[in-house]
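The structure appears right after this line, and notes come after that.
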Amino acid sequence: MADKNIFPDLKNENLVAAMQAVNKDENKETQSKLIEEAIKASYFAPADIIGEDGNVLQGDGKVKIPENSKVSFKLIKNSKGESYFAIFTDINEFQKWNKNERVNTIVVVFPQIAQLVFKSDAVSGFVINPMGENIIFNREALKSILEVMEKKMQEMQQAKEAPQQPEEKKIEIKFGRPSNVPDSVLESLKKSLGKYPEVKSAYFCMMLAEGREHYLFTLNIEAEPERCKKIADSISATAKLFLSKFPIIAAPLNSPYGEGAKQVTEPFYTK
């Protein structure tokens, strides 16, 4: 046997476990895990490295591949005479198959060996650990997997190239008690609110948003949306007769405005 220390330390323990799980119980879950681990893994692939003179290069463990050399990956055949590339998860699996210590290996990845399959009509796919788990990826399966991988790569590239959306501007809103508002104003507003039986209570406070102050009325109201809007507009119009220093907003109590108002004041009107 060749010295194991000269080989890269490929183990692929997760892939081996996934292949064993498929052989034990093949289902959608085990198949999906197998494909996931197979795509991530690196493999030993036996190959002849052919120099410019046409001779197979040999070495004492490691061979430097000249620039103009060719690589011819080894094929194995099944009982039907179909040819497959053989790849291995680790050096032990490679040496189960290798009966010739002078066979070179190259480390390959899934897309690389899959693409090689489609470069030759004589190759039906590749097999992982033919002397062990013996997991076969045929041309049909590889085509489907490569299409999914290509689609994901395109989506990642599009996401990378897409213009970044600006972050939504967060508006800080503050609430406080109003000052310098005569009691007579609130009394007049109470009379106006009393005309609407749908209004159970009302709050009045100040609101600061984006540096601007507003008068804020929040109404505890039970009515259809259109009716709520009509009442709110009416209250705002009445309030404008007495309050002109700041813009006026009227909103339902069950809104962010209402929650803020309840924290700083008590209702000035209750039915």
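In what follows, residues are counted from 1 in the order of the sequence shown.
Cluster annotation: V16 is connected to F110 through the hydrophobic network of ILVMFWY side chains, with a link wherever side-chain heavy atoms come within less than 4.5 Å. Linking ILVMFWY side-chain heavy atoms closer than 4.5 Å, directly or via other members, places Y203 and I173 in two distinct hydrophobic clusters. With hydrophobic clusters built from ILVMFWY side chains whose heavy atoms lie under 4.5 angstrom apart, V181 does not share a cluster with L216. One hydrophobic cluster holds both I231 and Y269 under the rule that ILVMFWY side chains link at heavy-atom gaps under 4.5 Å. Taking hydrophobic clusters as Ile, Leu, Val, Met, Phe, Trp and Tyr residues chained together by side-chain heavy-atom distances below 4.5 Å, F204 does not share a cluster with Y257.
With sequence neighbours excluded, the residues that form a side-chain contact (heavy atoms from CB on, under 4.5 Å) with K174 are E172, L208. Residues passing the salt bridge (charged side-chain N to carboxylate O under 4.0 Å, His left out) test with E133, sequence neighbours excluded: none. Residues satisfying the salt bridge (charged side-chain N to carboxylate O under 4.0 Å, His left out) criterion with R227, sequence neighbours excluded, are E198. Residues forming a side-chain contact (heavy atoms from CB on, under 4.5 Å) with P182 (at least two apart in sequence, or on another chain): S184, V185. By the side-chain contact (heavy atoms from CB on, under 4.5 Å) test, N12 is found to be paired with L10, L15, A41, T89, residues two or more places apart in sequence or in another chain being considered.
S32 places no side-chain N or O within 3.5 Å of a backbone atom of E29 that could act as its donor or acceptor partner. R177 places no side-chain N or O within donor-acceptor distance of the main-chain N or O of M206, the cut-off being under 3.5 Å.
Pairs engaging residues 84-94 under the salt bridge (charged side-chain N to carboxylate O under 4.0 Å, His left out) rule: E93-K96 [sequence neighbours left out]. Judged as a side-chain hydrogen bond (donor to acceptor under 3.5 Å, both in side chains), the pairs with a partner in residues 229-243 (not counting sequence neighbours) are, in order, Y196-S234, K229-D233. Screening residues 73-89 for salt bridge (charged side-chain N to carboxylate O under 4.0 Å, His left out) gives D48-K74 as the qualifying pairs, with residues at least two apart or on separate chains. Residue pairs meeting the salt bridge (charged side-chain N to carboxylate O under 4.0 Å, His left out) criterion with at least one member in residues 246-271, sequence neighbours excluded: E259-K262.
Between Y84 and F137, the ring center distance fails the sub-6.0 Å criterion.
The distance from atom CG of L142 to atom CD1 of I136, rounded to the nearest 0.5 Å, is 11.5 Å. Taking CD1 of I91 as the reference point, atom NZ of K11 lies at 13.5 Å (rounded to 0.5 Å). T30 OG1 to N27 CG: the interatomic distance, rounded to the nearest 0.5 Å, is 3.5 Å. Distance check, rounded to the nearest 0.5 Å: CZ of F217 to SG of C205 gives 9.5 Å. Distance check: I106 CD1 to Q112 CD gives 8.0 Å after rounding to the nearest 0.5 Å. Taken from CG in D25 to CD in Q20, the straight-line distance is 14.0 Å, to the nearest 0.5 Å.
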Can you give each donor-acceptor pair under 3.5 Å made by side-chain atoms of residues 120-127, sequence neighbours left out, with the distance rounded to 0.1 Å?
{"unit_1": "S120", "atom_1": "OG", "unit_2": "A122", "atom_2": "N", "d": "3.3"}

Report all side-chain donor-acceptor pairs from residues 147-159 shorter than 3.5 Å, counting only partners two or more places apart or in another chain.
{"unit_1": "Q157", "atom_1": "NE2", "unit_2": "E161", "atom_2": "OE2", "d": "2.6"}

Would you tabulate the side-chain donor-acceptor contacts of residues 241-251 under 3.5 Å, counting partners in other chains and residues two or more places apart, or write 'none'?
none

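With contacts defined as side-chain heavy-atom distances shorter than 4.5 Å, the pair I87/F44 does not qualify. Contact of the N23 side chain with the I135 side chain is registered, since non-hydrogen atoms from C-beta on lie closer than 4.5 Å. The shortest side-chain heavy-atom distance between K200 and I221 does not fall under the 4.5 Å cut-off. Contact check for Q263 versus F175: no side-chain heavy atoms found under the 4.5 Å cut-off. Between I35 and I145 the shortest side-chain heavy-atom distance falls below 4.5 Å. Looking at P46 and N98, their side chains never come closer than 4.5 Å, going by heavy atoms from C-beta outward. Side chains of L219 and L193 form a contact here, defined as non-hydrogen atoms less than 4.5 Å apart. The closest side-chain heavy-atom distance from W97 to N129 is not below 4.5 Å.
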Checklist entry - Can you check side chain to side chain contact (heavy atoms under 4.5 Å, CB included) on Y43 and F88, steps first, answer last? => result CA-CA 5 Å; Y43 306 87; F88 303 88; over 6 Å; no
Item to check | Test side chain to side chain contact (heavy atoms under 4.5 Å, CB included) applied to K40 and V109, step by step | outcome: CA-CA 8 Å; K40 294 190 296 186; V109 292; over 6 Å; no
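Counting all heavy atoms, side chain and backbone alike, S72 lies closest to I50 at CB-CD1, 4.2 Å. When all heavy atoms of V108 and F73 are compared, the pair lying nearest together is CG1-CE2, 3.9 Å. Contact detail for P111 and L146: the closest heavy-atom pair is CA-CD2, 4.4 Å.
Around NZ of K143, the count of heavy atoms belonging to other residues, nucleotides or ligands within 6.0 Å does not exceed 12. Atom CD of E36 has more than 12 heavy atoms from other residues, nucleotides or ligands within 6.0 Å.
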